[in-house]
Amino acid sequence: MSERLKSLSIVGVILAMAIALVLLVVTNESPDDRVERIGSSIKCPVCQGEAIADSPAQMATDMMDLVEERVAGGATDQEIIDELLGSFSGAVLLDPPLSGATLILWLAPVAVLVGGVAVVLWWKKHPGGTAPDEKPQSTRARRLVGGLVLIGGFAAIVLVASTLLQDRAGPNEGVADVADENLAEASNETMEAVIAANLDNPQINGMRLALAERYFEAGDYRSAFPHYLQVAQHSQSTDEEATTALVRLGWMAFDGNGEVDTAITLLDEALEISPGLPGALYLKGQVLWCGSGENEQAAELFEQVLGDSELEDDTRSLVEADLALASAGEPCI
């Protein structure tokens, strides 16, 4: 066997061992190890450079729970990573995850380096080759070839790495919309943390409103108020977001603090954006009737609400009952 063939065989053996190691790691990883590995590759959005697997923050715990759930459900690494990056703004990949093709990405540079060094050392050890009349120029040429193999291998790895990392950057560009199912699973603490990390981003309004609704329905007006206020004041809020926030703020001002004038002002602002909005009309009627005893104005507003053909039967019955009482001069009950 020639010196060149021997050298190439060494490189082949090294690469084969690297591939075997890849297969061994991938096929023998336990679910817990996989959860830990994926968690170690994702930066906690509310931490200082920590992976979610290492952070005690509530948000990191929620993210790890999601990883564990998705692993148990049979999701692929890429599906899990995409969901984390899309659902938790500020989460980024610390490093390419050590799995599948990216595990080869980690090991291949080592294999190329070892193989290239082996080729160079072999040729250096046998400068004369198998032919007695081989010239020194031939030895230098073979060393040059070995060096080029080494450099070329690293260049190829860098190119592949760049391509993979660019592909992975997609899900993390901007703040992705969070699916309703993920919002339902997220804790209040997690949502607060995500919002705090994206205070000026209009795309966070959906989460703000969802969290504010939780607080509102629980009667926690103090926690709901700042979120509704931010949405109402944000210049890039949609009309629907702004009117929802203004209606809630108006009712909280009255129901929470008895502020009739403030409540009417906020509800009127909502009606300027969305004229004829049934919810705003009804609550304004309630404030006028219950807060100021203005039965006639309240009755007019209730009649406007009943003009909406899309009212559900239960809602229509409630408004009709209020209209009858207000029209008869009865006090608010």
* **Stepwise side chain to side chain contact (heavy atoms under 4.5 Å, CB included) test for Ile80 and Arg34** => CA-CA 11 Å; Ile80 297 171; Arg34 188 175 167 217; 4.0 Å; yes

* Please list, chain by chain and in numerical order, all residues satisfying salt bridge (Lys or Arg N to Asp or Glu O under 4.0 Å) with Glu69, sequence neighbours excluded. => none

* Please step through side chain to side chain contact (heavy atoms under 4.5 Å, CB included) for the pair Glu241 and His234, ending with a clear verdict. => CA-CA 10 Å; Glu241 291 170 343; His234 202 292; over 6 Å; no

* Residue pairs, two or more places apart or on separate chains, that pass ring-ring contact (aromatic ring centres under 6.0 Å, His included) and touch residues 306-333 ->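 ring-ring contact (aromatic ring centres under 6.0 Å, His included) check on residues 306-333 returns no pairs.
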
* Is the backbone of Glu50 close enough, under 3.5 Å, to the side chain of Ser55 for a donor and an acceptor to pair up by distance? ->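 No, because the side chain of Ser55 does not come within donor-acceptor range (under 3.5 Å) of the backbone of Glu50.
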
* Non-neighbouring partners of Arg248 that pass salt bridge (Lys or Arg N to Asp or Glu O under 4.0 Å), sequence neighbours left out ->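 Checked Arg248 against salt bridge (Lys or Arg N to Asp or Glu O under 4.0 Å); matches are Glu213.
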
* Asked: Would you say Thr243's side chain and Glu240's backbone share a donor-acceptor pair under 3.5 angstrom?
  ->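 Yes, because the side chain of Thr243 sits within donor-acceptor range (under 3.5 Å) of the backbone of Glu240.
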
* Structure fact -> Applied to residues 321-333, the side chain to side chain donor-acceptor pair (under 3.5 Å) test, sequence neighbours excluded, yields Tyr282-Asp322, Gln286-Asp322

* Please lay out, stage by stage, how Asp77 and Arg37 fare under the test side chain to side chain contact (heavy atoms under 4.5 Å, CB included). => CA-CA 10 Å; Asp77 286 7; Arg37 172 175 53 75; 2.9 Å; yes

* Could you name each residue pair satisfying disulfide (SG to SG under 2.5 Å) that touches residues 258-303, not counting sequence neighbours? =>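 Residue pairs with at least one partner in residues 258-303: Cys290-Cys332.
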
* Asked: side-chain hydrogen bond (donor to acceptor under 3.5 Å, both in side chains) between Asp82 and Gln78: does it pass, once the steps are laid out?
  -> CA-CA 6 Å; Asp82 287 347; Gln78 191 61 53; 2.8 Å; yes

* Start with the C-alpha distance between Asp268 and Leu271, add both sets of side-chain angles, then the distance that settles side chain to side chain contact (heavy atoms under 4.5 Å, CB included), and finish with yes or no. => CA-CA 5 Å; Asp268 282 341; Leu271 288 167; 4.2 Å; yes

* Asked: Does Arg70 use its side chain to pair, donor to acceptor, with the backbone of Ile81 at less than 3.5 Å?
  -> no

* **Pairs flagged by ring-ring contact (aromatic ring centres under 6.0 Å, His included) wherever residues 245-272 is involved - sequence neighbours left out** =>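 Matches after skipping sequence neighbours: Trp251-Phe254.
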
* Are side-chain heavy atoms of Glu192 and His227 found at a separation under 4.5 Å? ->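 In short, these two side chains touch, coming nearer than 4.5 Å.
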
* **Ring geometry between Tyr228 and Phe216 (parallel below 30°, tilted from 30 to 60°, perpendicular above 60°)** =>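 Perpendicular.
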
